[in-house]
Amino acid sequence: MAELNPLTSRVPATRAVREVPDRVSLDGVEERWDASWSQQGLYAFDRTAAREQVYSIDTPPPTVSGSLHVGHVFSYTHTDVVARYRRMRGAEVFYPMGWDDNGLPTERRVQNYYGVRCDPSLPYVEGFVPPHQGTDGKAVKPTDQVPVSRRNFIELCVRLSAEDEQQFEALWRRLGLSVDWSRTYQTIGERARAVAQAAFLRNLARGEAYQAEAPGLWDVTFQTAVAQAELEARDYPGAYHRVAFHRTDGGGDVHIETTRPELLPACVALIAHPDDERYQHLFGSTVTSPLFGVELPVLAHPAAEPDKGAGIAMCCTFGDLTDVQWWRELRLPTRSVVGRDGRLQRETPDWITADGGRALYAQLAGKTTFSARETVVAGLRDSGELAGEPVATQRKANFYEKGDKPLEIVTSRQWYIRNGGRDEDLRAALLTRGAELGFHPEFMRVRYENWVNGLNGDWLVSRQRFFGVPFPVWYRLDEDGSPDHGNPLVPAESALPIDPSTDCPEGFTEDQRGAPGGFAADPDVMDTWATSSLSPLIVGGWLSDDDLFSRVYPMDLRPQGQDIIRTWLFSTVVRSHLEFGALPWSDAAISGWILDPDRKKMSKSKGNVVTPMGLLEEHGSDAVRYWAASAKLGTDAAFEVGQMKIGRRLAIKVLNASKFALSFGAADEPVSLDPAHVTRPIDRAMLAGLADVVETATAALEAYDHTRALEVTETFFWTFCDDYLELVKDRAYAATDDPAGAASARAALGIALDTLLRLFAPVLPFATEEVWSWWREGSVHRAAWPTAEPLRVAAGDADAGVVAAAGAALAALRKVKSEAKVSMRTPITAVTLTVPAAARTSVELALTDLRAAGRVTGTLDLVSGEDGSSVARDAELGTAEQRA
RNA sequence: GGGCGAUUGGCUCAGUGGUAGAGCGCCUCGUUCACACCGAGGAGGUCACUGGUUCGAACCCAGUAUCGCCCACCA
């Protein structure tokens with residue numbers, strides 16, 4: 001048996017001898033070829049390539065603190081198919097891999113794994129050894145976690161991520177991703193931090209980044225500000241409470257409805273629509289609030305909706321975003337009562353002056369909004385200011401996507417980056433960028449436009465967390481120790497990355513940290529998207545490797561999921577627009593969801609039941625890739641094991657059919673690829689059909705339609721196996737009877753196999769490489785993508801319909817035997833074959849092959865028929881003995 | 001409330017104006033001379049519904065229903 005190990009069987013450029021194994025198998029192909037590709041550096045990026053030759057991919061960095069699930073396998077396969085196709089088209093493919101280890105998920109994992117927690121006020125400890133090292137899956141209790149400095153904490157994040165990343169890489173290699181593994185990045189890595197800080201400082205210098213103290217969405221669990229892009233509207237049970245406010249002119253009560261009675265002490269006005277007849281007489285008057293007796297104006301504003309609740313609302317600072325709008329536009333006072341911890345502030349506000357009101361507030365102080373609500377409602381009941389009983393309602397509330405309590409609105413100082421949310425010109429420019437970008441599929445474009453048109457504020461990029469990229473900024477402290485936020489101190493770009501909590505600003509010394517007249521670090525870190533939005537710059541060598549950057553940027557492709565168009569895709573466009581005034585890539589390929597059999601989005605928990613590695617081991621990587629490649633971009637796909645089995649069958653068929661096609665002729669005779677040998681009409685017709693397939697598949701892949709390319713190739717391949725191969729195999733064997741006919745069949749088979757392997761290579765990289773190694777030099781993955789022209793030359797003026805016509809006639813002969821319930825090898829001693837009149841010429845051209853494949857040993861009367869199908873009649877079948 | 005997809009045989013899906021397709025599953029056979037991780041043959045659909053355009057509609061237009069998703073919606 002031939003030596004298959006590519007590590008040892010380096011062969012000369014022209015292989016004289018086929019090394020086709022007696023038995024073919026997919027077993028072990030993944031390990032074998034991954035090792036070979038890796039050793040050859042087959043997918044290494046040649047950084048001397050000119051920009052026009054390069055096809056660069058802004059690979060999505062998977063979150064390493066989570067686990068990969070089948071959805072990842074699905075979408076990353078789509079990208080790899082594109083990468084392999086482009087490489088075969090002659091492009092130098094820049095295909096890196098990133099690891100997203102930045103942000104909250106890693107923080108939590110590190111806390112549990114090493115038993116530490118971050119305390120940014122602590123100094124860095126050299127050579128720190130964490131108290132735990134993985135704890136058998138058990139999390140270290142928060143009370144047992146040792147506080148460490150931010151730098152120590154980040155070091156542990158990086159260390160643990162590196163371990164996770166090895167497992168991820170192993171999976172991707174097994175799946176056959178043609179990534180250049182020398183080009184990886186981490187979103188918390190030094191380069192990513194330097195790039196994120198440099199880009200931020202440039203935004204700051206240009207006025208695109210700014211700081212503001214303003215009411216904003218706040219998660220009380222994580223105690224951090226949250227951006228619009230991280231919101232999720234969820235159903236949340238609530239109740240309308242009808243509450244009486246009292247007119248100060250003695251005119252009676254005004255009833256409003258609220259779902260948040262606990263905010264009564266934060267009420268600053270009652271507001272109705274200016275055209276609402278019911279409340280015209282009240283505008284300009286004042287009322288006092290129930291329980292607290294605070295005097296409030298009744299105002300008009302068009303944002304009030306007459307058909308909502310009572311049509312008149314209480315405006316609090318702040319219950320919702322409409323309150324913020326009213327507060328801003330009507331210049332209302334600020335009377336916040338909910339603190340950053342989600343509890344009512346401890347001190348009784350000074351705007352509550354009535355004794356009863358102050359006494360009640362004292363009961364609310366320190367309570368969560370939930371229990372404060374119960375207290376207020378009880379108070380309203382006692383005082384008779386609650387009209388009727390609360391009416392249950394289902395409402396939508398904003399949640400942080402990772403949180404489980406509704407967001408509050410809290411005033412805080414935060415960093416923002418302009419994204420068009422407050423600036424029509426910028427918004428229009430970003431919409432134009434979206435229009436320039438090629439979305440695949442096209443309908444995903446509306447999600448981008450929807451999002452940009454719906455922006456209601458700039459991008460909030462600061463987070464009150466630890467494991468992220470720190471803002472590279474310090475503030476001078478005045479004589480009282482108060483920070484001067486207006487004039488931040490910044491480092492030189494060349495000093496980046498820095499951590500302001502451990503590094504000193506120029507001109508200061510560490511002992512001045514926190515001291516009056518000294519300096520203080522900005523305490524915040526950047527939002528994870530503030531780093532991820534720079535992924536093409538991080539991996540492309542921006543600021544650190546200008547030569548590389550000029551060859552890969554702007555990139556060609558951004559592959560990603562549809563759920564992060566508003567975050568990752570949009571924020572990357574924003575950063576690129578601000579920095580370069582151009583798109584970061586020309587095209588975006590958006591993958592759909594994987595649905596479980598219940599048609600629900602496959603959740604991580606469910607996905608973990610079926611581990612990706614287990615899938616690859618059970619079905620083989622080519623089979624799983626086939627399943628993934630069978631689904632169009634942007635379309636949700638079912639998790640379907642059946643489709644993987646079909647893929648496995650296809651991969652095995654590729655091995656077996658190839659082995660057969662290579663078996664004709666002497667073993668030491670080279671397989672001919674010479675089109676001059678292809679002389680028989682049916683052989684030429686087959687190549688004409690293959691030329692059509694090449695054209696269709698190529699056009700489909702150019703249009704990011706890998707499913708169409710696979711489908712036409714696969715359909716041709718099965719017909720090739722079932723009909724063509726059967727029709728010509730006797731002729732291909734019989735070199736002595738008909739040397740020219742045998743040579744024609746053998747060359748056609750060689751050319752077809754060579755073409756088909758290349759067409760299948762992007763989807764089935766292992767099976768095609770395996771076959772390629774039997775008879776060709778080099779790797780199929782560095783072979784040129786096939787073109788139709790040489791096939792057309794070989795085919796001449798042959799009509800591709802000959803194969804179909806002969807195939808249909810062969811099927812008619814088979815049907816006779818099938819209905820007679822005899823073996824397909826049974827000879828036919830006489831038969832009348834009726835074929836469509838239009839196909840008669842084609843069948844005649846293939847008649848000798850047809851007789852051989854159908855085992856017609858006697859007379860075959862060919863008759864032209866009226867209808868469109870081929871039928872065999874009056875067949876006389878030979879006996880079993882005649883088979884031999 | 002605005003929008004985007006989807007709706008084709010039991011299942012998963014192709015099919016953008018010209019006589020309904022594939023694979024799986026099912027039924028009937030066959031088979032070890034490429035392939036039992038197999039081969040051959042067969043049955044099975046008024047293309048969600050209602051109108052319209054057209055010589056002709058699964059496909060184009062209008063509307064309806066169901067499902068999924070995006071955006072908006074906290075009084």
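In this text, all values refer to a predicted model and were calculated from it rather than measured experimentally. Order of the sequence lines fixes the chain letters, A, B, ..., with proteins taken first and strands second; residue numbering starts at 1 for each chain.
- Summarising the geometry, the separation between NZ on Lys645(A) and C1' on C38(B) is reported as 16 Å, rounded to the nearest angstrom.
- Counting all heavy atoms, side chain and backbone alike, Tyr626(A) lies closest to Gln643(A) at CD2-O, 3.4 Å.
- Summarising the geometry, the separation between CD on Gln560(A) and P on C70(B) is reported as 15 Å, rounded to the nearest angstrom.
- As rounded to the nearest Å, G5(B) and G63(B) have P atoms that lie 15 Å from one another.
- With hydrogens and angles ignored, a donor-acceptor pair under 3.5 angstrom links the side chain of Lys653(A) to the base of C35(B).
- Considering only the side chain of Asn656(A), C35(B) comes nearest among C35(B), C33(B), A14(B).
- Nucleotides G41(B) and G23(B) place their P atoms 10 Å apart, quoted to the nearest Å.
- Remark: Asp723(A) engages Arg814(A) in a salt bridge, criterion side-chain N to carboxylate O under 4.0 Å.
- Nucleic acid contact for Cys721(A): base, since at least one base atom lies under 4.0 Å from a heavy atom of the residue.
- In this structure, Val220(A) and Thr368(A) have side chains that are not in contact, with every pair of non-hydrogen atoms separated by 4.5 Å or more.
- The side chain of Thr322(A) places an N or O atom within less than 4.0 Å of a non-bridging phosphate oxygen (OP1 or OP2) of C74(B).
- Within the nucleic acid shown, Ser663(A) has no heavy atom closer than 4.0 Å to any nucleic acid atom.
- Across every strand in view, G45(B) sits unpaired, with no contact that passes the Watson-Crick or G-U test at under 3.5 angstrom.
- Between Trp627(A) atom CH2 and A22(B) atom P there is a gap of 25 Å when expressed in whole angstrom units.
- Distance from the side chain of Thr259(A) is smallest for C74(B) among the nucleotides A40(B), C74(B), U12(B).
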Short heteroatom pairs, N/O only, protein and nucleotides 2-8 of chain B, under 3.5 Å:
none

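- Put simply, CD on Glu714(A) is 16 Å from P on C13(B), counting in whole angstrom units.
- The two residues Ser870(A) and Ala812(A) have their closest heavy-atom pair at O-CB, 3.5 Å.
- Residue-level contact check: Ala811(A) touches the backbone only, with heavy atoms under 4.0 Å from sugar-phosphate atoms and none from bases.
- A salt bridge does not link Arg447(A) with Asp563(A): every distance from a Lys NZ or Arg NE/NH1/NH2 to an Asp or Glu carboxylate oxygen is 4.0 Å or more.
- Within the shown strands, A22(B) is the pairing partner of U12(B) under the Watson-Crick or G-U definition, both distances less than 3.5 Å.
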*Output, in order, the C-alpha distance, side-chain angles, deciding distance and verdict of side-chain contact (heavy atoms from CB on, under 4.5 Å) for Phe74(A) and Val70(A).*
CA-CA 6 Å; Phe74(A) 178 74; Val70(A) 292; over 6 Å; no
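- Contacts of Ala853(A) classified as side chain to side chain contact (heavy atoms under 4.5 Å, CB included), with partners at least two apart in sequence or in another chain: Leu727(A), Leu810(A).
- Nucleic acid contact for Ile256(A): none, since no nucleic acid atom lies under 4.0 Å from a heavy atom of the residue.
- Counting all heavy atoms, side chain and backbone alike, Ala651(A) lies closest to Leu26(A) at CB-CD1, 3.8 Å.
- Residues Trp775(A) and Val20(A) are not in side-chain contact: their nearest non-hydrogen atoms beyond the backbone lie 4.5 Å or more apart.
- The phosphate of G15(B) (OP1 or OP2) has no side-chain N or O of Arg708(A) nearer than 4.0 angstrom.
- Taking the P atoms as reference points, A48(B) lies 8 Å from G9(B), given to the whole Å.
- Taking a pair to require two hydrogen-bonding distances under 3.5 Å in either a Watson-Crick or a G-U wobble arrangement, A6(B) pairs with U66(B).
- Separating the C1' atom of G17(B) from that of U12(B) is a span of 27 Å, rounded to the nearest Å.
- Nucleotides A14(B) and G21(B) have their C1' atoms positioned 7 Å apart, rounded to a whole Å.
- Judged by distance alone, with hydrogens and angles left aside, Arg566(A) brings no side-chain donor or acceptor close enough to the base of C71(B) to form a pair under 3.5 Å.
- Less than 4.0 Å separates RNA chain B from no heavy atom of any residue of residues 263-272 of chain A.
- Note on Glu714(A) versus Lys653(A): no salt bridge recorded, every NZ/NE/NH1/NH2 to OD/OE distance being 4.0 Å or above.
- Contact between the side-chain N/O atoms of Gln228(A) and the OP1/OP2 oxygens of A72(B) is found at a separation under 4.0 Å.
- Lys308(A) has no side-chain polar atom (N or O) that falls below the 4.0 Å cut-off from OP1 or OP2 of C73(B).
- Applying the Watson-Crick and G-U wobble criteria (two distances, each under 3.5 Å), C74(B) pairs with nothing in any strand.
- Listed here is the closest heavy atom pair of Arg731(A) and Asp849(A): NH2-OD2, 2.8 Å.
- Between Gly319(A) and Ser630(A), the residue anchored closer to the 5' end of RNA chain B is Ser630(A), taking for each the nucleotide with the nearest heavy atom.
- Counting non-hydrogen atoms under 4.0 angstrom, Gln643(A) reaches nothing in the nucleic acid.
- Counting heavy atoms from C-beta on, the side chains of Arg851(A) and Asp730(A) never come closer than 4.5 Å.
- Going from atom CZ of Phe716(A) over to atom P of A14(B) covers 24 Å, rounded to whole Å.
- Within the 4.0 Å cut-off from OP1 or OP2 of G1(B), not a single side-chain nitrogen or oxygen of Lys396(A) is found.
- To the nearest whole angstrom, the two P atoms, one in A20(B) and one in U46(B), are 13 Å apart.
- Atoms CG (Asp705(A)) and P (C13(B)) sit 16 Å apart, rounded to a whole Å.
- One C1' atom belongs to U16(B), the other to A6(B), and the distance between them is 16 Å to the nearest Å.
- Shown here, C38(B) forms a base pair with G30(B); the pair counts as Watson-Crick or G-U wobble because both key distances fall under 3.5 Å.
- RNA chain B is contacted by both Ser25(A) and Ala304(A); Ser25(A) maps to the nucleotide lying nearer its 5′ end (nearest heavy atom per residue).
- Using Watson-Crick or G-U wobble geometry with both donor-acceptor distances under 3.5 Å, C60(B) finds its partner in G52(B).
- Among the protein residues, Met824(A) comes within range of the sugar-phosphate backbone only, with heavy atoms under 4.0 Å from sugar or phosphate atoms but none that close to a base.
- The Asp320(A) side chain lies nearest to C74(B) when the options are A72(B), C73(B), C74(B).
- For Phe570(A) against Asn419(A), the heavy-atom pair with the smallest separation is CZ-O, 3.6 Å.
- Within 4.0 Å (heavy atoms only), Asp722(A) reaches sugar-phosphate atoms of the nucleic acid but no base atom.
- Within 4.0 Å of Arg649(A), counting heavy atoms only, lie sugar-phosphate atoms of the nucleic acid but no base atom.
- A straight line from OH of Tyr236(A) to C1' of C74(B) spans 11 Å, rounded to a whole angstrom.
- G44(B) and G10(B) have their P atoms separated by 12 Å, with the value rounded to a whole Å.
- The shortest distance between side-chain heavy atoms of Arg566(A) and Trp529(A) does not fall below 4.5 Å.
- The separation between Arg855(A) atom CZ and G39(B) atom P is 17 Å, rounded to whole Å.
- Between Tyr626(A) and G23(B), a side-chain N or O to OP1/OP2 separation shorter than 4.0 Å is absent.
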